[in-house]
Amino acid sequence: MSKSKYLLIDASILPEIYGKVLEAKSLILSGEASSVSQAVKMTGISRSAYYKYKDKIIEYNESAGSTFTIGAKLLDNAGVLSTVLNEIYLVGANVLSINQSSPVNGLANVSITVSLTDSATTTQQVITKIKKIGGVKTADIV
């Protein structure tokens with residue numbers, strides 16, 4: 001079996017069907033279409049074209065490089081983690097995952113993976129804002 005070869009190509013030079021397959025996949029993922037049949041009707045392609053290309057076409061996400069993980073030690077007080085998450089939201093970032101340990105000696109270790117997709121904020125600005133929150137003992141990019 002031969003190894004897959006991947007290319008990054010400007011979508012404007014590709015046949016229209018590829019864009020429509022991506023659109024159908026997006027309709028299904030977002031819930032706008034409840035089935036493949038509905039998605040292909042909405043995009044004007046055949047089911048066979050959808051199934052032929054669906055696993056071979058993936059949209060490139062330019063902002064994938066702006067994902068980072070914050071490691072923090074938080075006091076075991078009500079609302080501290082919630083305040084941290086709210087601050088991340090306010091800077092325009094998206095929380096991808098959260099992992100929190102059980103508190104030991106009144107401190108909990110928290111790991112938060114964040115994506116800054118459409119934000120003008122830098123990772124260091126996010127850390128600086130989190131460090132200013134009451135109940136946050138330490139916060140760094142890990």
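A donor and an acceptor atom, one from each side chain of Ser37 and Ser35, are nowhere located under 3.5 Å apart.
The side-chain hydrogen bond (donor to acceptor under 3.5 Å, both in side chains) test applied to Glu87 returns no partner, not counting sequence neighbours. Evaluation of the side-chain contact (heavy atoms from CB on, under 4.5 Å) rule for Thr83 yields Ile133 as partners, not counting sequence neighbours. The side-chain contact (heavy atoms from CB on, under 4.5 Å) search around Val36 returns Ile28, Val40, Arg47, Tyr50, Tyr51, not counting sequence neighbours. Qualifying ring pair (Phe, Tyr, Trp, His ring centres under 6.0 Å) partners for Tyr89, counting only residues two or more places apart in sequence or in other chains: none.
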Next on the checklist: For a side-chain contact (heavy atoms from CB on, under 4.5 Å) check, start with the C-alpha distance between Ile70 and Val84, then their side-chain angles and the critical distance, and finish with the verdict.
Outcome noted: CA-CA 11 Å; Ile70 300 166; Val84 170; over 6 Å; no

Item to check | Check against side-chain contact (heavy atoms from CB on, under 4.5 Å), Thr123 and Ile127 | outcome: CA-CA 6 Å; Thr123 57; Ile127 294 297; 5.7 Å; no

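For Lys131, the NZ atom is densely surrounded, since the number of other residues' heavy atoms within 6.0 Å is greater than 12.
The minimum heavy-atom distance between Lys54 and Lys25, with the atom names listed, is O-NZ, 2.8 Å. Listed here is the closest heavy atom pair of Leu75 and Val80: O-CG2, 4.0 Å. In terms of heavy-atom proximity, Met42 sits nearest to Ala33 at SD-CB, 4.0 Å. Here the closest heavy-atom approach between residue Ala49 and residue Ser46 is recorded as N-OG, 3.1 Å.
Under the 4.5 Å side-chain heavy-atom criterion for grouping Ile, Leu, Val, Met, Phe, Trp and Tyr, Ile57 is not connected to Leu27 through any hydrophobic cluster.
Rounding to the nearest 0.5 Å places CG of Asp140 at 12.5 Å from OG1 of Thr69.
Checking side-chain atoms of Lys129 against main-chain N and O of Val91 turns up no donor-acceptor pair under 3.5 Å. When atom types are taken as modelled, the side chain of Ser26 and the backbone of Leu22 share no donor-acceptor pair closer than 3.5 angstrom.
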Enumerate donor-acceptor pairs with a distance under 3.5 Å from any side-chain N or O in residues 5-20 to protein atoms, sequence neighbours excluded.
{"unit_1": "Asp10", "atom_1": "OD1", "unit_2": "Ser12", "atom_2": "N", "d": "2.9"}
{"unit_1": "Asp10", "atom_1": "OD1", "unit_2": "Ser12", "atom_2": "OG", "d": "2.9"}
{"unit_1": "Lys20", "atom_1": "NZ", "unit_2": "Thr43", "atom_2": "O", "d": "3.0"}

Which pairs of donor and acceptor atoms, one on a side chain in residues 95-107, lie under 3.5 Å apart (sequence neighbours left out)?
{"unit_1": "Ser97", "atom_1": "OG", "unit_2": "Thr113", "atom_2": "OG1", "d": "3.2"}
{"unit_1": "Ser101", "atom_1": "OG", "unit_2": "Asn109", "atom_2": "N", "d": "3.1"}
{"unit_1": "Ser101", "atom_1": "OG", "unit_2": "Asn109", "atom_2": "O", "d": "3.4"}

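Here the side chains of Ile130 and Ile112 are not in contact, with every heavy-atom distance at 4.5 Å or above.
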